[in-house]
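Note sheet for the following structure.
Chain identifiers are assigned alphabetically (A, B, ...) following the order of the sequence lines, protein sequences preceding nucleic acid strands; residue numbering begins at 1 within each chain. Keep in mind that what you see is a predicted model, and the values were worked out from it rather than measured.
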Amino acid sequence: MWNPYDPLPARQRRAYGFASVALVLGVWTVLTAGSLVPPSKLPSIVQCGAAFARLAWDPERGESLLLQATTWSLLRVFVASVLVVAIGVPMGILMGAEPRINAFLSPLVDPLRSAPVVAILPILVMWLGIGETMKIVFLFIGAVVFLVPMVRDAMQAVSQQHWIAARDLGATPWEAVRHAVYPMAKPRIMDAIIVAVSVMWTYITVAEYVNADRGLGQLISIARRQSAMDKVFVGIGVIIALALVTYSLMRALKRALYPWESE
Amino acid sequence: MSEAQQAERTNDRAPNEEPASFLDVTVSQVVQEYPRPDGEGVQRILDGIDLELNAPTINMLLGPSGCGKSTLLRLLGGVRPIGVKSPTSGEVRIGGVPCNGPHDEAVMVFQRYANRPDLTVYENVAFPFRLKLWRARVPPAEQETRVQEMLEAVGLADKAELRPSQLSGGQNQRVALARALVLRPRILLMDEPFGALDAQTREEMQRLLIDLWKAQKCIVVFVTHDVTEALLLGDRVLVLSASPATIVDDFRIDEPRPRSDAWLMSTPVVQMKDRILQRLHGSKSHGQVRVSF
Ligand SMILES: Nc1ncnc2c1ncn2[C@@H]1O[C@H](COP(=O)(O)OP(=O)(O)OP(=O)(O)O)[C@@H](O)[C@H]1O
Ligand SMILES: [Mg+2]
(Lines give C-alpha, C1' and ligand atoms only; values in the text may rest on other atoms or scores of the structure.)
(Ligands and ions follow the chains in the order given, each with its own letter.)
Protein backbone atom coordinates (compact mmCIF):
# COMPACT_ATOMS: atom_id res chain seq x y z
CA MET A 1 0.00 0.00 0.00
CA TRP A 2 1.35 3.41 -0.88
CA ASN A 3 0.21 6.94 -1.19
CA PRO A 4 1.96 9.65 -3.24
CA TYR A 5 1.47 12.23 -0.47
CA ASP A 6 2.88 10.11 2.29
CA PRO A 7 6.60 10.94 2.67
CA LEU A 8 8.90 7.97 3.17
CA PRO A 9 10.72 7.76 6.50
CA ALA A 10 14.19 9.31 6.10
CA ARG A 11 15.94 5.99 6.74
CA GLN A 12 13.96 4.18 4.08
CA ARG A 13 14.49 7.00 1.61
CA ARG A 14 18.24 6.84 2.14
CA ALA A 15 18.24 3.07 1.79
CA TYR A 16 16.57 3.30 -1.63
CA GLY A 17 19.04 5.99 -2.69
CA PHE A 18 22.04 3.93 -1.64
CA ALA A 19 20.59 0.91 -3.38
CA SER A 20 20.37 2.65 -6.74
CA VAL A 21 23.90 4.02 -6.53
CA ALA A 22 25.21 0.66 -5.37
CA LEU A 23 23.45 -1.01 -8.27
CA VAL A 24 25.16 1.23 -10.82
CA LEU A 25 28.55 0.82 -9.13
CA GLY A 26 27.97 -2.93 -9.00
CA VAL A 27 27.15 -3.21 -12.70
CA TRP A 28 30.13 -0.98 -13.44
CA THR A 29 32.44 -3.24 -11.40
CA VAL A 30 31.14 -6.40 -13.03
CA LEU A 31 31.53 -4.96 -16.52
CA THR A 32 35.12 -3.86 -15.95
CA ALA A 33 36.35 -6.67 -13.70
CA GLY A 34 35.19 -9.35 -16.09
CA SER A 35 36.77 -7.41 -18.97
CA LEU A 36 33.40 -7.48 -20.66
CA VAL A 37 34.13 -3.94 -21.80
CA PRO A 38 37.68 -2.86 -22.68
CA PRO A 39 39.25 -0.29 -20.31
CA SER A 40 39.64 2.11 -23.24
CA LYS A 41 35.85 2.37 -23.33
CA LEU A 42 35.00 2.00 -19.67
CA PRO A 43 37.72 2.42 -17.05
CA SER A 44 37.30 0.62 -13.74
CA ILE A 45 36.38 2.39 -10.54
CA VAL A 46 39.90 1.85 -9.26
CA GLN A 47 41.39 3.42 -12.39
CA CYS A 48 39.14 6.43 -12.03
CA GLY A 49 40.14 6.76 -8.37
CA ALA A 50 43.79 6.69 -9.32
CA ALA A 51 43.23 9.27 -12.06
CA PHE A 52 41.42 11.47 -9.58
CA ALA A 53 44.34 11.21 -7.14
CA ARG A 54 46.86 12.07 -9.86
CA LEU A 55 44.83 15.04 -11.03
CA ALA A 56 44.21 16.22 -7.51
CA TRP A 57 47.91 16.23 -6.74
CA ASP A 58 50.73 15.64 -9.22
CA PRO A 59 53.84 15.02 -7.07
CA GLU A 60 56.24 15.35 -10.06
CA ARG A 61 55.02 18.77 -11.08
CA GLY A 62 54.05 19.71 -7.54
CA GLU A 63 50.69 21.11 -8.49
CA SER A 64 47.02 20.21 -8.59
CA LEU A 65 45.65 20.27 -12.12
CA LEU A 66 42.18 19.57 -10.85
CA LEU A 67 42.19 22.46 -8.41
CA GLN A 68 43.38 24.85 -11.12
CA ALA A 69 40.76 23.64 -13.58
CA THR A 70 38.03 23.81 -10.96
CA THR A 71 39.00 27.33 -9.94
CA TRP A 72 38.85 28.56 -13.52
CA SER A 73 35.53 26.94 -14.23
CA LEU A 74 34.07 28.21 -10.98
CA LEU A 75 35.26 31.73 -11.73
CA ARG A 76 33.67 31.69 -15.17
CA VAL A 77 30.38 30.37 -13.86
CA PHE A 78 30.46 32.92 -11.06
CA VAL A 79 31.10 35.91 -13.34
CA ALA A 80 28.47 34.77 -15.79
CA SER A 81 25.99 34.21 -12.92
CA VAL A 82 26.51 37.72 -11.62
CA LEU A 83 25.83 39.08 -15.11
CA VAL A 84 22.79 36.87 -15.61
CA VAL A 85 21.28 37.95 -12.30
CA ALA A 86 22.14 41.62 -12.76
CA ILE A 87 20.66 41.81 -16.26
CA GLY A 88 18.17 38.96 -16.52
CA VAL A 89 16.30 39.44 -13.23
CA PRO A 90 15.43 43.12 -13.76
CA MET A 91 14.45 42.33 -17.33
CA GLY A 92 12.14 39.52 -16.23
CA ILE A 93 10.62 41.70 -13.51
CA LEU A 94 9.88 44.48 -15.97
CA MET A 95 8.37 42.02 -18.43
CA GLY A 96 6.23 40.47 -15.71
CA ALA A 97 5.11 43.85 -14.41
CA GLU A 98 4.36 45.78 -17.57
CA PRO A 99 2.45 44.04 -20.38
CA ARG A 100 3.77 46.47 -22.97
CA ILE A 101 7.38 45.67 -22.13
CA ASN A 102 6.46 41.99 -22.21
CA ALA A 103 4.77 42.32 -25.58
CA PHE A 104 7.81 44.16 -26.91
CA LEU A 105 10.47 41.78 -25.59
CA SER A 106 8.80 38.39 -25.59
CA PRO A 107 9.16 37.83 -29.36
CA LEU A 108 12.89 38.22 -28.79
CA VAL A 109 13.12 36.24 -25.57
CA ASP A 110 10.63 33.38 -25.80
CA PRO A 111 11.84 31.69 -29.03
CA LEU A 112 15.40 31.66 -27.67
CA ARG A 113 14.33 29.34 -24.86
CA SER A 114 14.29 26.49 -27.38
CA ALA A 115 17.07 27.83 -29.61
CA PRO A 116 20.14 25.60 -30.11
CA VAL A 117 22.41 27.68 -27.91
CA VAL A 118 25.39 25.47 -28.64
CA ALA A 119 25.04 26.32 -32.31
CA ILE A 120 25.66 29.99 -31.65
CA LEU A 121 29.09 29.23 -30.25
CA PRO A 122 30.81 29.52 -33.67
CA ILE A 123 29.12 32.88 -34.16
CA LEU A 124 30.36 34.09 -30.80
CA VAL A 125 33.86 32.91 -31.67
CA MET A 126 33.75 34.95 -34.87
CA TRP A 127 32.47 38.01 -33.10
CA LEU A 128 34.33 37.89 -29.83
CA GLY A 129 37.37 35.73 -30.53
CA ILE A 130 38.36 32.77 -28.44
CA GLY A 131 39.20 34.49 -25.16
CA GLU A 132 37.38 34.86 -21.86
CA THR A 133 34.77 37.28 -23.20
CA MET A 134 33.44 34.67 -25.60
CA LYS A 135 33.22 32.04 -22.85
CA ILE A 136 31.43 34.32 -20.41
CA VAL A 137 29.02 35.61 -23.05
CA PHE A 138 28.26 32.06 -24.13
CA LEU A 139 27.45 30.98 -20.56
CA PHE A 140 25.44 34.16 -20.10
CA ILE A 141 23.29 33.57 -23.18
CA GLY A 142 22.81 29.90 -22.38
CA ALA A 143 21.43 30.74 -18.93
CA VAL A 144 19.66 34.03 -19.51
CA VAL A 145 17.26 32.58 -22.08
CA PHE A 146 15.90 30.34 -19.34
CA LEU A 147 16.05 32.90 -16.57
CA VAL A 148 14.16 35.79 -18.13
CA PRO A 149 10.94 33.92 -18.99
CA MET A 150 11.01 32.19 -15.60
CA VAL A 151 11.33 35.48 -13.73
CA ARG A 152 8.53 36.95 -15.80
CA ASP A 153 6.33 33.94 -15.04
CA ALA A 154 7.18 34.25 -11.35
CA MET A 155 5.90 37.82 -11.37
CA GLN A 156 2.76 36.90 -13.28
CA ALA A 157 2.03 33.99 -10.94
CA VAL A 158 1.49 36.37 -8.01
CA SER A 159 -2.21 36.66 -7.24
CA GLN A 160 -3.79 39.84 -8.53
CA GLN A 161 -5.24 40.28 -5.06
CA HIS A 162 -1.89 41.58 -3.82
CA TRP A 163 -1.83 44.15 -6.58
CA ILE A 164 -5.41 45.24 -5.90
CA ALA A 165 -4.82 45.53 -2.16
CA ALA A 166 -1.81 47.78 -2.70
CA ARG A 167 -3.55 49.90 -5.33
CA ASP A 168 -6.49 50.31 -3.00
CA LEU A 169 -4.17 51.67 -0.33
CA GLY A 170 -3.02 54.32 -2.79
CA ALA A 171 0.05 52.70 -4.31
CA THR A 172 1.09 53.90 -7.75
CA PRO A 173 1.43 51.03 -10.25
CA TRP A 174 5.17 51.04 -9.75
CA GLU A 175 4.79 51.05 -5.95
CA ALA A 176 2.32 48.17 -6.15
CA VAL A 177 4.83 46.17 -8.18
CA ARG A 178 7.67 47.00 -5.85
CA HIS A 179 5.90 46.57 -2.52
CA ALA A 180 3.25 43.96 -3.25
CA VAL A 181 3.97 41.87 -6.36
CA TYR A 182 7.76 41.62 -6.43
CA PRO A 183 8.17 40.57 -2.77
CA MET A 184 5.69 37.74 -3.34
CA ALA A 185 7.54 36.65 -6.49
CA LYS A 186 10.97 36.54 -4.82
CA PRO A 187 11.07 32.82 -3.93
CA ARG A 188 10.17 31.82 -7.47
CA ILE A 189 12.69 34.29 -8.85
CA MET A 190 15.26 32.55 -6.68
CA ASP A 191 14.15 29.23 -8.23
CA ALA A 192 14.78 30.75 -11.65
CA ILE A 193 18.30 31.77 -10.60
CA ILE A 194 18.96 28.26 -9.31
CA VAL A 195 17.89 26.76 -12.64
CA ALA A 196 19.98 29.29 -14.58
CA VAL A 197 23.13 28.49 -12.62
CA SER A 198 22.51 24.76 -12.99
CA VAL A 199 22.16 25.23 -16.73
CA MET A 200 25.54 26.98 -16.77
CA TRP A 201 27.20 23.93 -15.32
CA THR A 202 25.91 21.90 -18.24
CA TYR A 203 27.28 24.45 -20.71
CA ILE A 204 30.66 24.95 -19.05
CA THR A 205 32.33 22.11 -20.93
CA VAL A 206 31.08 23.47 -24.25
CA ALA A 207 32.33 26.94 -23.38
CA GLU A 208 35.74 25.56 -22.48
CA TYR A 209 36.07 23.21 -25.45
CA VAL A 210 37.11 26.01 -27.77
CA ASN A 211 40.68 27.12 -27.28
CA ALA A 212 41.31 24.66 -24.49
CA ASP A 213 42.67 27.06 -21.97
CA ARG A 214 42.38 25.95 -18.36
CA GLY A 215 39.14 24.75 -16.83
CA LEU A 216 37.31 21.48 -16.39
CA GLY A 217 36.08 21.51 -19.98
CA GLN A 218 39.65 21.81 -21.18
CA LEU A 219 40.71 19.00 -18.86
CA ILE A 220 38.05 16.75 -20.35
CA SER A 221 38.75 17.65 -23.96
CA ILE A 222 42.52 17.05 -23.58
CA ALA A 223 41.85 13.76 -21.82
CA ARG A 224 39.50 12.75 -24.61
CA ARG A 225 42.14 13.51 -27.23
CA GLN A 226 44.62 11.38 -25.28
CA SER A 227 41.95 8.67 -25.04
CA ALA A 228 42.34 8.82 -21.25
CA MET A 229 38.83 7.73 -20.41
CA ASP A 230 39.54 7.64 -16.69
CA LYS A 231 40.34 11.36 -16.71
CA VAL A 232 37.20 12.10 -18.74
CA PHE A 233 35.17 10.33 -16.08
CA VAL A 234 36.87 12.29 -13.32
CA GLY A 235 36.21 15.58 -15.12
CA ILE A 236 32.55 14.79 -15.58
CA GLY A 237 32.25 13.60 -11.99
CA VAL A 238 33.76 16.82 -10.66
CA ILE A 239 31.41 18.97 -12.75
CA ILE A 240 28.41 17.03 -11.48
CA ALA A 241 29.65 17.37 -7.92
CA LEU A 242 30.16 21.12 -8.29
CA ALA A 243 26.72 21.53 -9.82
CA LEU A 244 25.21 19.57 -6.93
CA VAL A 245 27.07 21.62 -4.34
CA THR A 246 26.06 24.97 -5.85
CA TYR A 247 22.49 23.70 -6.17
CA SER A 248 22.31 22.65 -2.51
CA LEU A 249 23.93 25.88 -1.32
CA MET A 250 21.46 27.97 -3.28
CA ARG A 251 18.53 25.89 -2.05
CA ALA A 252 19.72 26.41 1.51
CA LEU A 253 20.10 30.13 0.82
CA LYS A 254 16.56 30.26 -0.52
CA ARG A 255 15.18 28.53 2.56
CA ALA A 256 17.07 30.93 4.81
CA LEU A 257 15.93 34.03 2.89
CA TYR A 258 12.30 33.07 2.45
CA PRO A 259 11.28 30.89 5.38
CA TRP A 260 7.65 31.99 4.86
CA GLU A 261 7.51 30.61 1.36
CA SER A 262 6.22 27.11 2.10
CA GLU A 263 3.05 28.39 3.81
CA MET B 1 -9.81 51.94 -22.57
CA SER B 2 -9.55 50.49 -19.12
CA GLU B 3 -6.24 52.16 -18.45
CA ALA B 4 -7.56 55.65 -17.74
CA GLN B 5 -10.39 54.45 -15.53
CA GLN B 6 -8.20 52.17 -13.59
CA ALA B 7 -5.45 54.67 -12.92
CA GLU B 8 -7.62 57.55 -11.87
CA ARG B 9 -7.52 58.33 -8.18
CA THR B 10 -9.61 60.81 -6.38
CA ASN B 11 -7.95 63.04 -3.88
CA ASP B 12 -9.81 65.89 -2.33
CA ARG B 13 -7.35 67.01 0.26
CA ALA B 14 -3.95 68.68 0.27
CA PRO B 15 -1.21 66.72 2.06
CA ASN B 16 -1.39 68.55 5.38
CA GLU B 17 -5.02 69.51 5.41
CA GLU B 18 -7.02 68.17 8.35
CA PRO B 19 -9.71 65.72 7.31
CA ALA B 20 -13.33 66.73 7.78
CA SER B 21 -15.11 64.48 10.26
CA PHE B 22 -16.80 62.59 7.46
CA LEU B 23 -17.48 62.67 3.76
CA ASP B 24 -20.85 62.07 2.27
CA VAL B 25 -21.22 59.38 -0.37
CA THR B 26 -23.90 59.68 -3.02
CA VAL B 27 -24.66 56.90 -5.46
CA SER B 28 -27.10 57.90 -8.16
CA GLN B 29 -28.66 55.65 -10.77
CA VAL B 30 -25.63 53.40 -10.89
CA VAL B 31 -25.80 50.61 -13.45
CA GLN B 32 -23.06 48.03 -13.85
CA GLU B 33 -22.90 45.61 -16.75
CA TYR B 34 -20.28 42.95 -17.30
CA PRO B 35 -19.56 41.01 -20.46
CA ARG B 36 -21.12 37.55 -20.22
CA PRO B 37 -18.65 34.76 -19.52
CA ASP B 38 -19.55 33.16 -22.89
CA GLY B 39 -18.75 36.46 -24.64
CA GLU B 40 -22.33 36.87 -25.87
CA GLY B 41 -23.38 40.40 -24.98
CA VAL B 42 -23.52 41.77 -21.48
CA GLN B 43 -25.27 40.92 -18.25
CA ARG B 44 -26.61 43.61 -15.99
CA ILE B 45 -25.47 43.23 -12.40
CA LEU B 46 -26.43 46.49 -10.73
CA ASP B 47 -29.64 47.97 -12.03
CA GLY B 48 -29.94 51.58 -11.02
CA ILE B 49 -28.68 51.84 -7.45
CA ASP B 50 -29.49 54.98 -5.49
CA LEU B 51 -27.89 55.37 -2.10
CA GLU B 52 -26.91 58.19 0.16
CA LEU B 53 -24.56 57.85 3.11
CA ASN B 54 -24.35 61.20 4.83
CA ALA B 55 -23.26 60.45 8.38
CA PRO B 56 -20.53 58.31 9.91
CA THR B 57 -22.64 55.19 10.29
CA ILE B 58 -22.23 51.45 9.88
CA ASN B 59 -24.06 50.27 6.77
CA MET B 60 -24.52 46.57 6.26
CA LEU B 61 -24.95 45.29 2.73
CA LEU B 62 -26.77 41.98 2.28
CA GLY B 63 -27.80 40.18 -0.86
CA PRO B 64 -28.00 36.80 -2.54
CA SER B 65 -24.71 35.25 -3.51
CA GLY B 66 -23.32 36.71 -6.72
CA CYS B 67 -25.78 39.60 -6.85
CA GLY B 68 -23.15 42.31 -7.05
CA LYS B 69 -22.35 43.26 -3.46
CA SER B 70 -18.61 43.36 -4.05
CA THR B 71 -19.15 45.25 -7.28
CA LEU B 72 -21.16 47.93 -5.48
CA LEU B 73 -18.63 48.11 -2.66
CA ARG B 74 -15.75 48.65 -5.07
CA LEU B 75 -17.64 51.51 -6.68
CA LEU B 76 -17.63 53.37 -3.35
CA GLY B 77 -13.97 54.34 -3.58
CA GLY B 78 -12.22 51.01 -4.06
CA VAL B 79 -10.31 49.61 -7.02
CA ARG B 80 -12.66 49.28 -9.99
CA PRO B 81 -12.89 46.04 -11.97
CA ILE B 82 -10.18 45.85 -14.60
CA GLY B 83 -11.06 46.02 -18.27
CA VAL B 84 -14.72 47.07 -17.88
CA LYS B 85 -16.25 50.53 -17.82
CA SER B 86 -17.27 51.01 -14.23
CA PRO B 87 -19.91 52.11 -13.53
CA THR B 88 -21.58 51.50 -16.88
CA SER B 89 -23.79 54.50 -16.20
CA GLY B 90 -24.74 56.63 -13.25
CA GLU B 91 -22.42 58.35 -10.85
CA VAL B 92 -20.74 57.97 -7.49
CA ARG B 93 -19.83 61.17 -5.66
CA ILE B 94 -17.68 61.28 -2.58
CA GLY B 95 -17.68 64.59 -0.74
CA GLY B 96 -19.48 66.03 -3.74
CA VAL B 97 -16.69 65.07 -6.15
CA PRO B 98 -17.29 62.42 -8.81
CA CYS B 99 -15.32 59.33 -7.94
CA ASN B 100 -13.92 57.25 -10.80
CA GLY B 101 -11.50 54.93 -9.07
CA PRO B 102 -9.84 54.24 -5.75
CA HIS B 103 -10.42 57.12 -3.38
CA ASP B 104 -7.73 58.27 -0.97
CA GLU B 105 -10.20 58.45 1.90
CA ALA B 106 -11.63 54.98 1.28
CA VAL B 107 -9.80 51.87 2.44
CA MET B 108 -10.90 48.31 1.76
CA VAL B 109 -10.60 45.29 4.05
CA PHE B 110 -10.96 41.96 2.26
CA GLN B 111 -12.06 38.53 3.40
CA ARG B 112 -8.78 37.00 2.41
CA TYR B 113 -6.39 39.11 4.38
CA ALA B 114 -3.74 40.51 2.13
CA ASN B 115 -1.03 40.45 4.76
CA ARG B 116 2.46 40.09 3.42
CA PRO B 117 3.85 36.79 4.72
CA ASP B 118 7.43 38.06 4.76
CA LEU B 119 6.73 41.07 6.99
CA THR B 120 6.14 41.18 10.74
CA VAL B 121 2.82 42.23 12.23
CA TYR B 122 4.26 45.68 12.91
CA GLU B 123 5.56 46.04 9.36
CA ASN B 124 2.25 44.87 7.93
CA VAL B 125 0.32 47.49 9.86
CA ALA B 126 2.87 50.14 8.89
CA PHE B 127 2.79 48.95 5.26
CA PRO B 128 0.83 51.92 3.81
CA PHE B 129 3.56 54.25 5.02
CA ARG B 130 5.86 52.69 2.44
CA LEU B 131 3.74 54.47 -0.15
CA LYS B 132 4.40 58.06 -1.21
CA LEU B 133 0.79 59.06 -0.62
CA TRP B 134 0.82 58.28 3.10
CA ARG B 135 4.43 59.20 3.75
CA ALA B 136 3.60 62.68 2.53
CA ARG B 137 0.51 62.90 4.73
CA VAL B 138 1.75 61.45 8.00
CA PRO B 139 5.10 62.52 9.47
CA PRO B 140 7.41 59.63 10.48
CA ALA B 141 7.09 60.15 14.23
CA GLU B 142 3.31 60.08 13.99
CA GLN B 143 3.42 57.00 11.80
CA GLU B 144 5.12 55.15 14.61
CA THR B 145 2.72 56.28 17.32
CA ARG B 146 -0.26 55.49 15.13
CA VAL B 147 0.96 51.96 14.41
CA GLN B 148 1.74 51.38 18.07
CA GLU B 149 -1.66 52.67 19.16
CA MET B 150 -3.43 50.60 16.53
CA LEU B 151 -1.59 47.43 17.57
CA GLU B 152 -2.72 48.03 21.13
CA ALA B 153 -6.27 48.77 20.03
CA VAL B 154 -6.54 45.44 18.20
CA GLY B 155 -4.72 43.59 20.98
CA LEU B 156 -1.62 42.61 19.05
CA ALA B 157 0.97 44.79 20.76
CA ASP B 158 2.76 41.74 22.13
CA LYS B 159 2.70 40.03 18.73
CA ALA B 160 4.31 42.92 16.84
CA GLU B 161 7.39 40.95 15.84
CA LEU B 162 5.61 37.78 14.71
CA ARG B 163 4.84 36.91 11.11
CA PRO B 164 1.36 36.25 9.69
CA SER B 165 1.95 32.50 9.55
CA GLN B 166 2.45 32.53 13.32
CA LEU B 167 -0.99 34.09 13.89
CA SER B 168 -4.50 32.66 13.90
CA GLY B 169 -7.05 33.61 11.26
CA GLY B 170 -8.73 36.10 13.59
CA GLN B 171 -5.41 37.71 14.50
CA ASN B 172 -4.54 38.01 10.82
CA GLN B 173 -7.82 39.77 10.21
CA ARG B 174 -6.98 42.12 13.10
CA VAL B 175 -3.75 42.99 11.31
CA ALA B 176 -5.70 43.78 8.13
CA LEU B 177 -8.14 45.92 10.09
CA ALA B 178 -5.32 47.73 11.87
CA ARG B 179 -3.59 48.42 8.56
CA ALA B 180 -6.75 50.05 7.25
CA LEU B 181 -7.56 52.07 10.39
CA VAL B 182 -4.02 53.32 10.90
CA LEU B 183 -4.80 55.59 7.93
CA ARG B 184 -7.86 57.03 9.73
CA PRO B 185 -9.96 56.61 6.59
CA ARG B 186 -13.25 58.41 6.38
CA ILE B 187 -14.74 55.52 4.43
CA LEU B 188 -14.05 51.94 5.47
CA LEU B 189 -15.14 49.31 2.96
CA MET B 190 -15.32 45.75 4.28
CA ASP B 191 -16.01 42.81 1.97
CA GLU B 192 -17.12 39.86 4.11
CA PRO B 193 -14.15 40.56 6.37
CA PHE B 194 -15.10 37.96 8.97
CA GLY B 195 -16.58 35.44 6.56
CA ALA B 196 -13.76 32.94 6.94
CA LEU B 197 -13.68 33.01 10.75
CA ASP B 198 -15.27 30.60 13.19
CA ALA B 199 -18.34 31.79 15.09
CA GLN B 200 -16.57 32.67 18.32
CA THR B 201 -13.75 34.58 16.64
CA ARG B 202 -16.29 36.36 14.48
CA GLU B 203 -18.12 37.60 17.59
CA GLU B 204 -14.87 38.86 19.06
CA MET B 205 -14.08 40.68 15.84
CA GLN B 206 -17.54 42.23 15.71
CA ARG B 207 -17.10 43.61 19.22
CA LEU B 208 -13.65 44.87 18.31
CA LEU B 209 -14.96 46.59 15.20
CA ILE B 210 -17.63 48.39 17.21
CA ASP B 211 -15.09 49.55 19.80
CA LEU B 212 -12.68 50.76 17.14
CA TRP B 213 -15.44 52.52 15.26
CA LYS B 214 -16.65 54.32 18.38
CA ALA B 215 -13.13 55.63 18.90
CA GLN B 216 -12.67 56.63 15.28
CA LYS B 217 -15.98 57.20 13.53
CA CYS B 218 -16.20 56.88 9.79
CA ILE B 219 -18.62 55.64 7.14
CA VAL B 220 -18.47 51.87 7.20
CA VAL B 221 -19.94 49.82 4.37
CA PHE B 222 -19.82 46.19 5.38
CA VAL B 223 -20.77 43.35 3.04
CA THR B 224 -21.90 40.18 4.78
CA HIS B 225 -23.97 37.12 4.07
CA ASP B 226 -24.76 36.67 7.74
CA VAL B 227 -28.10 38.31 8.60
CA THR B 228 -27.42 38.19 12.35
CA GLU B 229 -24.13 39.98 11.83
CA ALA B 230 -25.94 42.66 9.86
CA LEU B 231 -28.52 43.12 12.62
CA LEU B 232 -25.91 43.22 15.39
CA LEU B 233 -23.63 45.76 13.73
CA GLY B 234 -25.62 47.99 11.43
CA ASP B 235 -27.11 51.42 11.86
CA ARG B 236 -28.58 50.61 8.53
CA VAL B 237 -29.16 47.31 6.75
CA LEU B 238 -29.40 47.43 2.97
CA VAL B 239 -30.69 44.39 1.10
CA LEU B 240 -29.99 43.84 -2.57
CA SER B 241 -32.09 41.62 -4.83
CA ALA B 242 -30.56 38.97 -7.07
CA SER B 243 -28.87 40.48 -10.11
CA PRO B 244 -29.79 42.69 -11.83
CA ALA B 245 -29.74 44.08 -8.31
CA THR B 246 -31.61 46.96 -6.82
CA ILE B 247 -31.92 47.91 -3.17
CA VAL B 248 -35.09 46.19 -2.06
CA ASP B 249 -34.94 46.91 1.67
CA ASP B 250 -33.36 49.66 3.71
CA PHE B 251 -33.76 49.20 7.48
CA ARG B 252 -32.56 51.71 10.04
CA ILE B 253 -31.73 50.34 13.46
CA ASP B 254 -31.43 52.69 16.43
CA GLU B 255 -30.69 50.11 19.11
CA PRO B 256 -27.38 51.01 20.79
CA ARG B 257 -24.48 48.62 20.41
CA PRO B 258 -23.45 46.14 21.70
CA ARG B 259 -26.85 44.61 21.04
CA SER B 260 -28.07 41.90 23.35
CA ASP B 261 -29.37 38.44 22.57
CA ALA B 262 -32.70 39.48 24.10
CA TRP B 263 -33.00 42.30 21.58
CA LEU B 264 -32.08 39.90 18.80
CA MET B 265 -34.90 37.59 19.95
CA SER B 266 -37.52 40.34 20.24
CA THR B 267 -40.48 40.08 17.89
CA PRO B 268 -39.79 43.07 15.59
CA VAL B 269 -36.19 42.00 15.10
CA VAL B 270 -37.16 38.40 14.39
CA GLN B 271 -39.70 39.65 11.87
CA MET B 272 -37.09 41.83 10.24
CA LYS B 273 -34.75 38.88 10.09
CA ASP B 274 -37.40 36.65 8.51
CA ARG B 275 -38.17 39.24 5.93
CA ILE B 276 -34.50 39.63 5.00
CA LEU B 277 -34.02 35.88 4.82
CA GLN B 278 -36.97 35.62 2.49
CA ARG B 279 -35.49 38.32 0.32
CA LEU B 280 -32.15 36.55 0.20
CA HIS B 281 -33.43 33.08 -0.54
CA GLY B 282 -36.72 33.82 -2.24
CA SER B 283 -35.48 36.41 -4.67
CA LYS B 284 -32.76 34.12 -5.99
CA SER B 285 -35.44 32.21 -7.88
CA HIS B 286 -37.66 35.24 -8.29
CA GLY B 287 -40.08 34.19 -5.61
CA GLN B 288 -40.95 30.82 -7.00
CA VAL B 289 -39.45 28.92 -4.11
CA ARG B 290 -40.22 30.06 -0.58
CA VAL B 291 -37.91 28.94 2.14
CA SER B 292 -39.49 28.85 5.56
CA PHE B 293 -37.68 29.15 8.86
N1 LIG C 1 -14.68 41.94 -13.58
C2 LIG C 1 -15.77 41.20 -13.90
N3 LIG C 1 -16.03 40.83 -15.17
C4 LIG C 1 -17.12 40.09 -15.47
N5 LIG C 1 -18.03 39.68 -14.58
C6 LIG C 1 -17.84 40.02 -13.28
C7 LIG C 1 -16.69 40.78 -12.87
N8 LIG C 1 -16.76 40.96 -11.53
C9 LIG C 1 -17.90 40.33 -11.13
N10 LIG C 1 -18.53 39.78 -12.18
C11 LIG C 1 -19.81 39.05 -12.12
O12 LIG C 1 -20.77 39.90 -11.54
C13 LIG C 1 -21.58 39.20 -10.62
C14 LIG C 1 -21.54 39.87 -9.28
O15 LIG C 1 -20.25 39.76 -8.74
P16 LIG C 1 -19.90 40.28 -7.27
O17 LIG C 1 -18.58 39.75 -6.92
O18 LIG C 1 -20.10 41.73 -7.20
O19 LIG C 1 -21.04 39.56 -6.44
P20 LIG C 1 -21.15 39.36 -4.86
O21 LIG C 1 -22.55 39.71 -4.51
O22 LIG C 1 -20.08 40.06 -4.15
O23 LIG C 1 -20.96 37.80 -4.77
P24 LIG C 1 -20.50 36.92 -3.50
O25 LIG C 1 -21.71 36.77 -2.66
O26 LIG C 1 -20.09 35.64 -4.13
O27 LIG C 1 -19.39 37.65 -2.83
C28 LIG C 1 -21.09 37.78 -10.62
O29 LIG C 1 -21.94 37.04 -11.45
C30 LIG C 1 -19.72 37.85 -11.20
O31 LIG C 1 -19.43 36.68 -11.93
MG1 LIG D 1 -18.43 39.36 -2.96
Applying side chain to side chain contact (heavy atoms under 4.5 Å, CB included) to A:L169 and B:L183, what does each step give before you reach the verdict?
CA-CA 9 Å; A:L169 285 170; B:L183 302 174; 3.7 Å; yes

Donor-acceptor list for residues 178-190 of chain A side chains, cut-off 3.5 Å, not counting sequence neighbours:
none

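- Within residues 3-22 of chain A, no residue has a heavy atom under 4.5 Å from a heavy atom of chain B.
- For chain A, no part of B:R163 is nearby; none of its heavy atoms comes within less than 4.5 Å.
- Residue A:S159 does not touch chain B at all, counting heavy-atom pairs closer than 4.5 Å.
- The shortest heavy-atom contact between A:E175 and B:L131 is OE2-CA, 3.3 Å.
- Scored by the side chain to side chain contact (heavy atoms under 4.5 Å, CB included) test, A:N102 finds A:M95, A:S106, A:R152, A:Q156 as partners (sequence neighbours excluded).
- Residues satisfying the side chain to side chain contact (heavy atoms under 4.5 Å, CB included) test with B:R174, not counting sequence neighbours, are B:V154, B:L156, B:E204, B:M205, B:L208.
- Side chain of A:D168 to backbone of B:M108: a donor-acceptor contact under 3.5 angstrom is found.
- Counted within 6.0 Å of OH on A:Y258, heavy atoms from surrounding residues, nucleotides or ligands total more than 12; the atom is thus considered enclosed.
- A 4.5 Å side-chain heavy-atom check between A:I164 and B:F110 finds at least one atom pair inside the cut-off.
- To the nearest 0.5 Å, atom CG of residue B:L119 and atom CH2 of residue A:W260 are 9.0 Å apart.
- Top candidate by heavy-atom pairs under 4.5 Å with chain A, chosen from B:L189, B:D118, B:V109, is B:D118.
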